[in-house]
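Shown next, in structure tokens, is the structure this report addresses.
All heavy atoms count here, side chains included; hydrogens, waters and symmetry mates do not. Ligands are counted one by one from 1 in listed order, and the atoms in each one are counted from 1 as well. FYI, the numbering just counts along the sequence from 1. Being a predicted model, the structure only gives us computed values, none of them experimental.
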Amino acid sequence: MLIEGVWCDSEDGSVSEILNPATGEIIANIPRATVNDVNRCVEASKAAFKSKDWSGMDPAQRGRILQKMAAATYANAKSLAVVESTNNGKTFREALSEIRYGAWTFEYYSGLCDKIEGSTIPVPGNRLNYTLKQPLGVTAHIIPWNFPLQLALRSIAPALAAGCTVIAKPASWTPLSLIEWAKAMMEADVGLPAGVLQVITGSGGLIGDALAGHADVDGITLTGGVPTGHAVMAKASENLTPVTLELGGKGANIVFPDANLRYCAKAICFGIFMNAGQMCWAGSRLIVHEDVHDELVDSVIAEIGKWPVGPGMEDGVRMGSMVHESHRDDVLNMLAEGLKQGGKVACGGNAIDRDGAFMEATVVTDVSSENLLFQEELFGPVLSVTKFSEESEALALANDTPFGLLNGVWTTDLSRAHRFARDLECGMVSINEYPITFPQTPFTGWKHSGIGIEQSKDALNFYTKVKNVNVKL
Ligand code: NAD
């Protein structure tokens, strides 16, 4: 763990074994922090914040440091991608593109450090009234296992840009890429003052909970599941600590007969089989017009032939191992439960009989909106297919889940595309493409998909506090 600028073990020396899910091999032993370690980390973060070495630095200089962090991330991207693929199971190619995306996020925020501006406000009388935007303070970043490094960088970059200090806690199964990245930042000597960036590892239920409930943590960013969102928000409420929660999803691709079906089939596969479907923004539902249902399902199944499954480091593999055998088994159990409620397996549906947490790309047709396969996040490579006949029915189906992250609309009718963009109850809509996001665009969920905004200039609002100043002249 990186605490106060020094690499250290946990207070009591305890460790957790870290696995390669594609082989089941133990590849590392990682400190299992105690609550005292959390306290030490928060104290160091608070001291680093109060010293103003970072928060009071010329913001252009902070930007230069973020730029160096971006460069060091790009320079180490390949070796970090090997670590990511080996620890998470995803393909090397996926890991590499995610890590480069993380570097790009740092580049984007490096340019914003000196553009975090307040405003002057016209008020009556002989007065000057203005706002200051000041850094939030100590921020805790609780990271999931599905994009272990990219999602860490997604929130660390704006927090640092705003002048906050950062405590990052990776998921228990996948801590290695964040540790290696922090090492790379130290080795590149980017100029971060000690204590500004810390990494603490261990159990979410213990140290994630302790961070969320700590009186000296000023903001918490969690990317994780809905139950963890409830737990973190409840804990944070004890100190009225603000939270950004990026939670689950149940994205739909809504396909009309006028769509480019061949391109759409490729995007549907990308949206549900990339990262073995372990994605908040997975397009896990296909809501397709009855006139093109059979043709599109056939095209999707044909496209699955181009998704060989195997160890993420092997050439030619497009779908790697899932993160853990226990998670793969959870997905298979949910699939079996869902099938009791209806639906026909058109393709896949099973574990792959070899070492590692592998599962077949799966398509289930005739799924009703009451089925758990339509309603719940399976977090695996399972596509549920539902037919519609009228536009209004498609919209109602798409909105009929507790989630509201990303939905895709496939049509060449411009008016229909924008009607859907307006009426879908979700934070992001993609038209004729799926899934897509950029560091400069908001990543945000409605309903149970979350609270707050990641990426874009909007993310900086969370990491800054507004102060209003009135001056009688
Ligand atoms: P998770 O909720 O199990 O864990 C997320 C993080 O929270 C981990 O670091 C974990 O150790 C920690 N944690 C667990 N219990 C905690 C507690 N009581 N208090 C504080 N921290 C705790 O999620 P996961 O299984 O790692 O990831 C999958 C989930 O993340 C899915 O639901 C997925 O949709 C969601 N996700 C959302 C986004 C998004 O941007 N909306 C992106 C990726 C993943």
Do [X]'s NZ or CZ and the ring of [Y] fall within the cation-pi criteria of under 6.0 Å and 45°?
X	Y	answer
R154	F443	yes
R285	F374	yes
R422	F420	no

Check ligand 1 against [X] and write out every atom of the ligand that is under 4.0 Å from a heavy-atom position of the residue.
X	value
G225	1 (P), 2 (O), 23 (O), 29 (C), 30 (O), 32 (O)
T223	5 (C), 36 (N), 37 (C), 38 (C), 39 (C), 40 (O), 42 (C), 43 (C), 44 (C)
D209	19 (N), 20 (C)

Is a salt bridge present between [X] and [Y], judged by a nitrogen-to-oxygen distance below 4.0 Å?
X	Y	result
E425	K447	yes
K90	E98	yes
E43	R40	no

What do you reckon, does R154 put a non-hydrogen atom under 4.0 Å from ligand 1?
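R154 counts as a contact of ligand 1 under the 4.0 Å cut-off.
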Return yes when L222 approaches ligand 1 closer than 4.0 angstrom through a heavy atom, no otherwise.
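Yes; L222 lies near enough to ligand 1 that a heavy-atom distance drops under 4.0 Å.
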Where is the nearest protein heavy atom to [atom]: which residue, which atom, and how far?
atom	value
atom 12 (C) of ligand 1	I142 CG2, 3.5 Å
atom 18 (N) of ligand 1	A231 CB, 3.8 Å
atom 38 (C) of ligand 1	C280 SG, 2.9 Å
atom 20 (C) of ligand 1	G208 C, 3.2 Å
atom 27 (O) of ligand 1	P144 CB, 3.3 Å
atom 41 (N) of ligand 1	L247 O, 2.7 Å
atom 43 (C) of ligand 1	N146 ND2, 3.2 Å

Can you confirm whether the side chains of D37 and T34 place a donor and an acceptor under 3.5 Å from each other?
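Yes, T34 and D37 have a side-chain donor paired with an acceptor closer than 3.5 Å.
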Trace of the side-chain contact (heavy atoms from CB on, under 4.5 Å) decision for T165 with L197:
CA-CA 6 Å; T165 54; L197 172 67; over 6 Å; no
Selection from [options] by shortest heavy-atom distance to [atom]:
atom	options	result
atom 6 (C) of ligand 1	I143, T228, L406	I143
atom 30 (O) of ligand 1	P175, G204, G224, A212	G224
atom 24 (P) of ligand 1	F379, F403, F147, W145	W145

Can you classify the ring geometry of W307 versus F273 as parallel (below 30°), tilted (30 to 60°) or perpendicular (above 60°)?
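It falls in the perpendicular class, over 60°.
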When the ring planes of F379 and W145 are compared, do they come out parallel, tilted or perpendicular, using 30° and 60° as the limits?
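Judged by the thresholds at 30° and 60°, the geometry between F379 and W145 is perpendicular.
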Which distance, rounded to the nearest 0.5 Å, do you find between the NZ of K266 and the CD of E303?
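If we round to the nearest 0.5 Å, K266:NZ and E303:CD are 4.5 Å apart.
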[X] and ligand 1 - part of the residue with a heavy-atom distance under 4.0 Å:
X	answer
V232	side chain
E377	side chain
W281	neither
L151	side chain

May I ask you to check if ligand 1 and S449 share an N or O to N or O distance below 3.5 Å?
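No, no N or O pair falls under 3.5 Å.
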Please examine the side chains of L211 and I167, heavy atoms only from C-beta on, and report whether any two atoms are closer than 4.5 Å.
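They are in side-chain contact.
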